[in-house]
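Structure, as structure tokens:
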Amino acid sequence: MLQLNTIKNDPERVIQLLKIKNFEAEALVADIIELDRRRRETQKIMDDGLAEANKLAKEIGFLFKNGRGDEATALKERSAELKKETQALGNTLDETRKELDEKLVLLPNLPHPGVPAGNSEEDNELVESRDIEIALEQTALPHWELAEKYDIIDFELGSKVTGAGFPFYKGKGARLQRALINFFLEEGIKAGYAEIQPPLFVNEDSAYGTGQLPDKDGQMYHIGEDNFYTIPTAEVPVTNIYRDVILDLADLPVKNVAYSSCFRREAGSYGKDVRGLNRLHQFDKVEIVQISHPDNSYSVLEEMRSYVASLLEKLELPYRILKLCGGDISFTSALTYDFEVYSAAQKRWLEVSSVSNFEAFQSNRMKLRFRDENGKTRLAHTLNGSALALPRIVAALLENKQTDDGIVIPEAIRPFTGFDLIN
RNA sequence: GGAGAGGUGGCCGAGCGGUCUAAGGCGCACGCCUGGAAAGCGUGUAUGCGUCGAAAGCGCAUCAUGGGUUCGAAUCCCAUUCUCUCCGCCA
């Protein structure tokens, strides 16, 4: 959620910047400014009324104590009148606030000046590419066939027991999953991240805090009886740790790494993009989250970017990094790097990580603040990224590392798998 | 799941209809004292919104959350939620 002051101070700038995101903000911005004016106007009148009522109540108490009850009775009438007035104003105020909030929530985050203009993924800017030569024979199999061949992932069994998109991992497949999770966590710890193991369900407040609600309501599984939401990413519970928190300057930057299962309904997705491991309802992911001083958030973003790149290098995978254009960047992000890994058999790039700086957009909604050099409270900046999500990494490993003898496990994760070949 | 007790400032803890502008303590900051420190003494010590060019000041709200009673609520009533104790169930 954008800060009201950002909008009020320079509405024209907000409107222009949001055009990069292909968002027409003019009407909304005007509404917001007007609603804010009404809100302040109403509050002023109400506060004055309450101030008078408070004063009256004190006088009445004083009069009663001194046996001047008849004088007090007269004042009571005025007091009752004030109460009625302020209550009505209070209701108006609540409504105005709610309306204002509903509008504010509709404005996307402002893009960083470095975000390229554009409408679709075609316009994303290639910033780095590391193509490892892969000499695959024409007979290269896609990962879903390899999974079946070596009996390591069973999609049909998942469909029987739960439904499509909930596969079983078996034998070396299960062990590979566990190894990757451990590898990613250990790398994160080495890079200075503190490990967190979060709950997999969150309450409504948390789902609002990171912006999943009201935006992506239908994308989360909902446990009606207890009003919990299953997490679509560890970002949700981990970032919400800091909801309504004021950090000390010395606490920054906060660096957390968390493994969790992730659950996504992916309503509306179908076709070849969802084949095999490409899109699942339940998957595993290691997520990194940082909370930084506003002055440092872009150097933190670069640090996170090179960290994720280092993981892909250790996994010996061909990858490229894209800076998302205005049309492709998410609602909440100011600047996002997408990491894509080449899938040899599918002959296309698969998104495996997304590293973003949200600046103060999330922290404003969550009231995540820190005390600056002068003891003033300010909103912190939040950043996160996948490091990494398993399914597509597994898909890429299977496809790129296939040989006549089997799937070759990259050196870096052999200490975790305990084997170097899937055959 | 049942019964009971509770949730007060950064922390501990008193208050149980008006004097709460929340006692007292701890912590923290600054000052005095000291050769330096400790102790001691003094001062200060939340968040949000509004008023405002900015600050100071002032107003309003906040004693788990949301309602209610009352001229007046930390204090009384109702609901929700969390914590603790006991019982039951249980990986």
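Note that the structure is a prediction, hence the values are computed from the model and not measured. Proteins come first, then strands; the chains are lettered A, B, ... in the order of their sequence lines, and each starts at number 1.
- Scanning for side chain to side chain contact (heavy atoms under 4.5 Å, CB included) contacts around A:S206 gives A:V202, A:N203, A:N240, A:R243, with sequence neighbours left out.
- A donor and an acceptor atom, one from each side chain of A:E399 and A:Q346, are located under 3.5 Å apart.
- Spacing between B:rG13 and B:rU81 at atom P, rounded to whole Å, works out to 26 Å.
- Distance CG (A:L93) to C1' (B:rA61): 11 Å, rounded to an integer number of Å.
- Ion pairing of A:K190 with A:E187 is present here, as a side-chain N (NZ or NE/NH1/NH2) and a carboxylate O approach within less than 4.0 Å.
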Restricting both atoms to N or O, compile the protein contacts to nucleotides 46-51 of chain B shorter than 3.5 Å, with distance only.
| from | atom 1 | to | atom 2 | distance (Å) |
| --- | --- | --- | --- | --- |
| B:rU47 | OP1 | A:R371 | NH1 | 2.9 |
| B:rU47 | O3' | A:R369 | NH1 | 3.0 |
| B:rG48 | OP1 | A:R369 | NH1 | 3.0 |
| B:rG48 | OP1 | A:T377 | OG1 | 3.1 |
| B:rC49 | O3' | A:R39 | NH2 | 2.6 |
| B:rC49 | O2' | A:Q43 | OE1 | 2.4 |
| B:rC49 | O2' | A:Q43 | NE2 | 3.1 |
| B:rC49 | O2 | A:Q43 | NE2 | 3.1 |
| B:rG50 | OP1 | A:R39 | NH2 | 2.5 |
| B:rU51 | OP1 | A:R40 | NH1 | 3.3 |

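- A heavy atom closer than 4.0 Å to some atom of RNA chain B occurs in no member of residues 200-208 of chain A.
- Heavy-atom neighbours of A:F331 CZ from other residues, nucleotides or ligands within 6.0 Å: above the threshold of 12.
- Place A:Q87 and A:G61 on RNA chain B by their nearest nucleotides, and A:G61 ends up nearer the 5' end.
- The existence of a salt bridge linking A:E411 and A:R414 is confirmed by a sub-4.0 Å separation between a basic side-chain nitrogen and an acidic carboxylate oxygen.
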Donor-acceptor contacts under 3.5 Å from residues 92-106 of chain A side chains, at least two apart:
| from | atom 1 | to | atom 2 | distance (Å) |
| --- | --- | --- | --- | --- |
| A:T92 | OG1 | A:A88 | O | 3.0 |
| A:T96 | OG1 | A:T92 | O | 2.7 |
| A:K103 | NZ | A:D31 | OD2 | 3.1 |

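- The same atom, C1', is picked in B:rA46 and in B:rU19; the two are 24 Å apart, to the nearest Å.
- For A:I45 and B:rG59, the CD1 to C1' distance is 14 Å, given to the nearest whole Å.
- Contact annotation for A:L56: no contact, since no heavy-atom pair falls under 4.0 Å across all strands.
- Under 4.0 Å is where a charged nitrogen must lie from a carboxylate oxygen, and between A:E145 and A:K149 no such pair does.
- When the P atom of B:rU62 is taken as reference, atom CE of A:M46 falls 10 Å away, rounded to whole Å.
- Looking at A:K255 and A:E303, a side-chain N of the basic residue comes within less than 4.0 Å of a carboxylate O on the acidic one, giving a salt bridge.
- An OP1 or OP2 oxygen of B:rC60 is reached within less than 4.0 angstrom by a side-chain nitrogen or oxygen of A:N54.
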Starting from the C-alpha separation in whole Å, work towards a yes-or-no answer on side chain to side chain donor-acceptor pair (under 3.5 Å) for A:Y150 and A:Q402. CA-CA 11 Å; A:Y150 296 113; A:Q402 58 185 302; over 6 Å; no
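- Atom CD of A:E59 has more than 12 neighbouring heavy atoms from other residues, nucleotides or ligands inside a 6.0 Å radius.
- When the P atom is compared between B:rU80 and B:rG1, the two are found 12 Å apart, to the nearest whole Å.
- Distance noted for atom C1' between B:rG68 and B:rG59: 26 Å (whole Å).
- In terms of the side chain to side chain contact (heavy atoms under 4.5 Å, CB included) criterion, A:P415 has no residue partners (sequence neighbours excluded).
- With both ends at atom C1', the span from B:rA23 to B:rU8 equals 12 Å, rounded to whole Å.
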For RNA chain B, the expected dot-bracket line (Watson-Crick or G-U under 3.5 Å, [ ] crossing, | inter-strand) is ((((((((.[[[..)..(.....]]]((((((.......))))))((((((.....)))))).[[[[[..)....]]]]])))))))....
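- With rounding to whole Å, A:L50 atom CG is found 13 Å from B:rG59 atom P.
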Under 3.5 Å between N/O atoms: give me all the protein pairs with nucleotides 73-82 of chain B, atom names plus distance.
none

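- A search for ring pair (Phe, Tyr, Trp, His ring centres under 6.0 Å) contacts involving A:Y259 returns nothing, not counting sequence neighbours.
- Spacing of P atoms, B:rA56 relative to B:rU69, comes out at 38 Å, to the nearest Å.
- Using a 4.0 Å cutoff on non-hydrogen atoms, the parts of residues 74-84 of chain A near RNA chain B are A:K76, A:S79, A:K83, ordered by number.
- A salt bridge between A:K44 and A:D47 is absent, with no side-chain N of the basic residue lying under 4.0 Å from a carboxylate O of the acidic one.
- For A:K170, the side chain to side chain donor-acceptor pair (under 3.5 Å) partners are A:D151, A:D154, not counting sequence neighbours.
- Residues forming a side chain to side chain contact (heavy atoms under 4.5 Å, CB included) with A:S299 (at least two apart in sequence, or on another chain): A:N296.
- At a threshold of 4.0 Å, the pair A:R78-A:E52 counts as salt-bridged, since one of the basic side-chain nitrogens sits closer than that to a carboxylate oxygen.
- With both ends at atom P, the span from B:rU51 to B:rU45 equals 25 Å, rounded to whole Å.
- Taking atom CG of A:N9 as the reference point, atom P of B:rA54 lies 10 Å away to the nearest angstrom.
- Between the P atoms of B:rG18 and B:rG88, the separation comes to 44 Å (whole Å).
- Atom P of nucleotide B:rG66 and atom CG of A:D94 are separated by 11 Å, given to the nearest angstrom.
- Remark: A:L17 pairs with A:R13, A:I20, A:L110, A:P111 by the side chain to side chain contact (heavy atoms under 4.5 Å, CB included) rule, at least two apart or across chains.
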